[in-house]
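What follows is a short report on a single structure.
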Amino acid sequence: MSKPPMSPTPAGAIPTPAVAGTPLRILRTEGVVLLAAAVAAYFVALDEPWWLVPLLLFVPDIFMVGYAKSHRLGAALYNVAHSYPVPAILGAVAVAADQPLWQGAALVWFAHIGMDRALGYGLKYDTNFKDTHLGRIGR
């Protein structure tokens, strides 16, 4: 039997996982699917160089710089860079403007998010970098 879902704990306390058991495995599998689909779309639909994928793959992690100031700012910036709306908007604008390079950047951004989710790096709580919606990193 899986553990029941838990809600985030008050500020300063370590959050418990928002998901566990089978739902957690499904969410992490969805990350693998997103990673594979985004990389496949990059190589099948675009005529951009392959070396842009490894070059751009970790660019969203630059948003962790906010952690140098505080957990709150770090989590806010990290979550903006590691959720779907911004790369979706970038991709839509790139398609509308017929800009394959930026379409590729959006796909690699999605691939990064999928990779992170597959590895268990979820959206951050403002208590600690290790506290995510997929559970505590390193548990």
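Quick note: residue numbers are just sequence positions, from 1. Remember, it's a predicted structure, so these values are computed and weren't measured experimentally.
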*Can you name the nearest heavy-atom pair linking Y67 to Y125, along with the distance?*
OH-O, 4.4 Å
_Pairwise distance OH(Y121) to CZ(R28) - rounded to 0.5 angstrom_ = 9.5 Å
*Is it true that V59 and L55 fall in one hydrophobic cluster, defined by side-chain heavy atoms closer than 4.5 Å?*
yes
*asked:* Hydrophobic clusters here meaning ILVMFWY residues chained together by side-chain heavy-atom distances under 4.5 Å, can you tell me if L123 and V19 are in one?
replied: no
_Joint cluster assignment, V108 & V32, ILVMFWY side-chain distance < 4.5 Å_ = no
*Other ILVMFWY residues reachable from V86 by side-chain steps of under 4.5 Å*: L34, V80, Y84, L90, W102, W109, F110, I113
*Run the numbers on V95 and Q103 for side chain to side chain contact (heavy atoms under 4.5 Å, CB included), then give the verdict.*
CA-CA 6 Å; V95 167; Q103 293 170 27; 3.9 Å; yes
*What is the distance from atom CZ of R136 to atom CG of D131, rounded to the nearest 0.5 Å?*
4.5 Å
*asked:* I'd like to know if the side chain of H112 reaches the main chain of P60, judged simply by a donor and an acceptor atom lying under 3.5 Å from each other, with no hydrogens or angles considered.
replied: no
*asked:* Would you compute the distance between atom CD of E30 and atom CG of L35 and round it to the nearest 0.5 angstrom?
replied: 13.5 Å
_Hydrophobic cluster partners of L73 (side-chain heavy atoms under 4.5 Å)_ = F63, L77
*asked:* For a quick test of reading the model, state the closest non-hydrogen atom pair linking M64 to Y78 and the distance between them.
replied: CG-CD1, 3.5 Å
*Which pair of heavy atoms, one from I137 and one from K124, lies closest together, and at what distance?*
CD1-NZ, 3.4 Å
*Can you name the closest pair of heavy atoms from A106 and P87 and give their distance?*
CB-O, 3.5 Å
*asked:* Using the rule that Ile, Leu, Val, Met, Phe, Trp and Tyr join whenever any side-chain heavy atoms are under 4.5 Å apart, tell me whether L119 and F129 fall into a single cluster.
replied: yes
*For P49, which of V53, L46, L52 qualifies under side chain to side chain contact (heavy atoms under 4.5 Å, CB included)?*
L52
*asked:* Once rounded to the nearest 0.5 Å, what's the spacing between atom OG1 of T22 and atom CG of L27?
replied: 11.0 Å
*For residues D61 and H82, report the shortest heavy-atom separation together with the two atoms involved.*
OD1-NE2, 3.1 Å
_Per the ring-ring contact (aromatic ring centres under 6.0 Å, His included) rule, what does the pair list look like for residues 26-62, sequence neighbours excluded?_
none
*Are the side chain of R117 and the backbone of G31 linked by a donor-acceptor contact shorter than 3.5 Å?*
no
*Identify the two heavy atoms, one from E48 and one from P100, that lie closest to each other, and give their separation to 0.1 Å.*
OE2-CB, 3.4 Å
